[in-house]
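One structure below.
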There are 2 protein chains.
Amino acid sequence: MLAVPGVVGHPEIMWKSEHGMSARKPTIDDVARLSGVGRTTVSRVLNGGPNVREPVRRKVLEAVEALDYRVNPQARSLAGGGSRVLALVLASDLDAEPNSFYASALELGAVRECLQSGFQLFTRHVPQDDPAAVQQVIDIAVNQRCQGVILTPPFSDNADLIQQLRARGVHLAAISPGGGGRGLVDAVGIDDEAGGRDIARYLLEFGHRHIAYLGGIAGHLSAESRLDGVRRAMREMGLPDDALTVERGDFTFRSGGLIAARVLALSPRPTALICANDDMAAGALSVAHARGLQVPGDLSISGFDDTPVSAIVWPPLTTVHQPLKAMGGEAVRLVSERITGAAGDWAFRTLPHAVVVRESAGAWHA
Amino acid sequence: MLAVPGVVGHPEIMWKSEHGMSARKPTIDDVARLSGVGRTTVSRVLNGGPNVREPVRRKVLEAVEALDYRVNPQARSLAGGGSRVLALVLASDLDAEPNSFYASALELGAVRECLQSGFQLFTRHVPQDDPAAVQQVIDIAVNQRCQGVILTPPFSDNADLIQQLRARGVHLAAISPGGGGRGLVDAVGIDDEAGGRDIARYLLEFGHRHIAYLGGIAGHLSAESRLDGVRRAMREMGLPDDALTVERGDFTFRSGGLIAARVLALSPRPTALICANDDMAAGALSVAHARGLQVPGDLSISGFDDTPVSAIVWPPLTTVHQPLKAMGGEAVRLVSERITGAAGDWAFRTLPHAVVVRESAGAWHA
DNA sequence: CTTAAAATTGGAAGCGCTTCCATAATGGCG
DNA sequence: CGCCATTATGGAAGCGCTTCCAATTTTAAG
């Protein structure tokens, strides 16, 4: 290590790196002293402020390097720099396994963007059906002094929650809001209605005429518009309303199986199952296997989301791809723009979806 | 809201809840004023300190309630109360899907425990094969001023990383360390060797005599001892060494399929595949399906971990259950004990595992 | 060369909390 | 009833940073 003039006289700055903890982490004042400028100037350099001449900036940066200095985020936050903390709120049924792949993909995309924009991300799972859920989300945001919160369905549609968070000065972005959150908050999502229409069309082209839709909870508005899309596709193909049977579950593997069993007992038996997400499709697939039905020979099944689940099951699921990572990243960008102060109307960014053809859907044996 | 004596004269405390942000969040001084005690006393109550008389404590708590006061964690941290931030570090191959279920289960358990003990948890995914991984983990810990870090495999075995983090005053706990981390750090895990032995025995009892072990990367020590267990079981059953074929992948679905394909081309063909985790088993299962092999009729397959993947595939996987949530929780407890100051030798808590019998393993057609 | 305007820079005041230390109240005993 | 050991309580000093504002240096006109 260099013999640093400014640091002389502060013997407690030494690092006893061998036997445990260092005596003291370098502070902004250490950097200021070492680079021979004022504390304020260092702060300017660190925060990309204006009015710093190039040679000065370089000197400061060198000192930062030499001392391996890192801004203390807690101090920065206290001093008014903003906590730079964002929370990603995911719904989950407490002890049931969360829809991990969906959540992970969103999180991954969000974290990556946070790294770039210098935010810190917390991911928190909140039991969606809990009546205290709203309060819990607020607690998360307020307790940690989050500057922003990213809401996922069905929280994206909770106008009350949105209102309350905003009243406490928290900036927001929503992922896939349906009617509720739309226009109330910055958001990102795909065109769910088109997604539903596309997958339905794909199936109808194989000639399927009895279709069942395995949906999620009704309050999940974006998933609900997938159903609207399915209905539209059928109408456009001139099919009667009773060609479609609709049943609802809760997006879990288990409920997919339960509903599939119910639907497969119908007569005439549907030849295709359109599921609201991949997990439910996987559940339906298991039931099909258990009954010895060939997929897609006896029964076509489609998923939604294109999470890894769709590739893991057999046969792999034909599904609708959602760019979840990109959605997570975009959500971060949206809140961060709000935090930076950009005003204006609530944005809704629509990202592209696509039907991913694998092997679980096709024509059926006569 | 109550007309609060102490607050009079501070008109800026009002909440303009309608049009956006509140003017100011209540501080500890507001609580002190309202309850008519000193700031220090409030702090004591908030932190469970000694020497506070019951009526005083109650008064303070009432004021907290009335003002909906929350400690500002940033301020507390700055003042020396410790950041109360923990980081859970997970390995992942950057763009490959992380083993989400494994990660989520650990995280869920950890978060739950954190809620109880008042810690804040960050979950961060670090590309394991990156040479800069160690530095990245250190950055996460240092930048956020984490008090503790929970390491998962293969970081649990990285003595260098452990050393460096400790040198910076970060407290640690490791999940499932193998040789490397064992004895260097507080840790929790199952008896992997016994787990491997148990599942191997289960299969051998069906009479399998040609077995392939689909392992993970060799550096993943705890998974490696599962293989030791398998070997031991075979030896105990008097089987020759060449009854076991060992191939390695990287714990992903994809590599499971790749290796399975290779192994199934062997002659004589193994009648059972023991996989190092559920994802690889799922990959192997897909390959079996693709080749028209009956499972378990033609081929038995077993997983490890008992993540939801094992229930989602068909047939559902016989696997070894790891109490992942409990492990996550225990890890938090371990670091938090260190932070609180309990000294002593490094602990290793062994949690119970169990063979979960489902349908992917059994006897084979003669 | 002056002189005002613009660009840099640093001093000082907190942000909300914990903690050290001094002060005040309480209690046990002789 | 006093006196000293406890037990309670509050005052004041920072923790490391951002930011307001005043001071200083440049630069651009005049």
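Values reported hereafter were calculated over all heavy atoms of this structure, with side chains retained and with hydrogens, waters and symmetry mates removed. Here is the naming used below: chain letters follow the sequence lines, and residue numbers restart at 1 for every chain. Just so it is clear, the structure is predicted and the values come from calculations on it, not from any experiment.
- The distance from atom CG of A:Asn51 to atom P of D:dT26 is 14 Å, rounded to the nearest whole Å.
- For the pair B:Arg145 CZ and D:dC15 P, the computed distance is 14 Å after rounding to whole Å.
- The distance from atom CZ of A:Arg57 to atom P of C:dT8 is 10 Å, rounded to the nearest whole Å.
- Atom NZ of B:Lys25 is separated from atom C1' of C:dG16 by 12 Å (rounded to the nearest Å).
- Between the CD1 atom of B:Ile28 and the P atom of D:dT9 there is a distance of 15 Å, given to the nearest Å.
- Side-chain atoms of B:Thr152 come within 3.5 Å of backbone N or O of B:Val89 as a donor-acceptor pair.
- A close approach under 4.0 Å does not occur between any side-chain nitrogen or oxygen of B:Thr41 and OP1 or OP2 of D:dT9.
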Report all interatomic pairs (protein N or O, nucleotide N or O of nucleotides 19-22 of chain C) with separations under 3.5 Å.
unit_1: C:dT19; atom_1: O4; unit_2: B:Thr40; atom_2: OG1; d: 3.4

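- For C:dG16, the OP1/OP2 oxygens have no side-chain nitrogen or oxygen of B:Asn72 closer than 4.0 Å.
- Where B:Tyr69 and B:Arg53 each meet DNA chain C at their nearest nucleotide, the meeting point lying more 5' is that of B:Tyr69.
- In this structure, CD of A:Glu54 is placed 11 Å from P of C:dT8, rounded to the nearest angstrom.
- An OP1 or OP2 oxygen of D:dT18 is reached within less than 4.0 angstrom by a side-chain nitrogen or oxygen of A:Arg76.
- Using a 4.0 Å cut-off between charged side-chain N and carboxylate O, A:Asp68 and A:Lys25 make no salt bridge.
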Candidate pair B:Arg70 and B:Glu65, rule salt bridge (Lys or Arg N to Asp or Glu O under 4.0 Å), full reasoning: CA-CA 9 Å; B:Arg70 332 275 179 119; B:Glu65 182 83 12; over 6 Å; no
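- Using modelled atom types, one side-chain atom of A:Asn72 and one backbone atom of A:Gln74 make a donor-acceptor pair closer than 3.5 Å.
- From B:Arg76, atom CZ reaches atom CG of A:Leu78 across 12.5 Å, with rounding to the nearest 0.5 Å.
- In this structure, B:Gln164 and B:Val134 have side chains that are in contact, with non-hydrogen atoms separated by less than 4.5 Å.
- As a whole-Å value, the separation of A:Arg84 CZ from D:dG16 P is 20 Å.
- The residue among B:Leu78 and B:Gly38 whose nearest nucleotide of DNA chain D lies closer to the 5′ end is B:Gly38.
- When the C1' atom of D:dC15 is taken as reference, atom CZ of A:Arg24 falls 11 Å away, rounded to whole Å.
- For the pair B:Leu151 and B:Ile175, the minimum side-chain heavy-atom distance is 4.5 Å or more.
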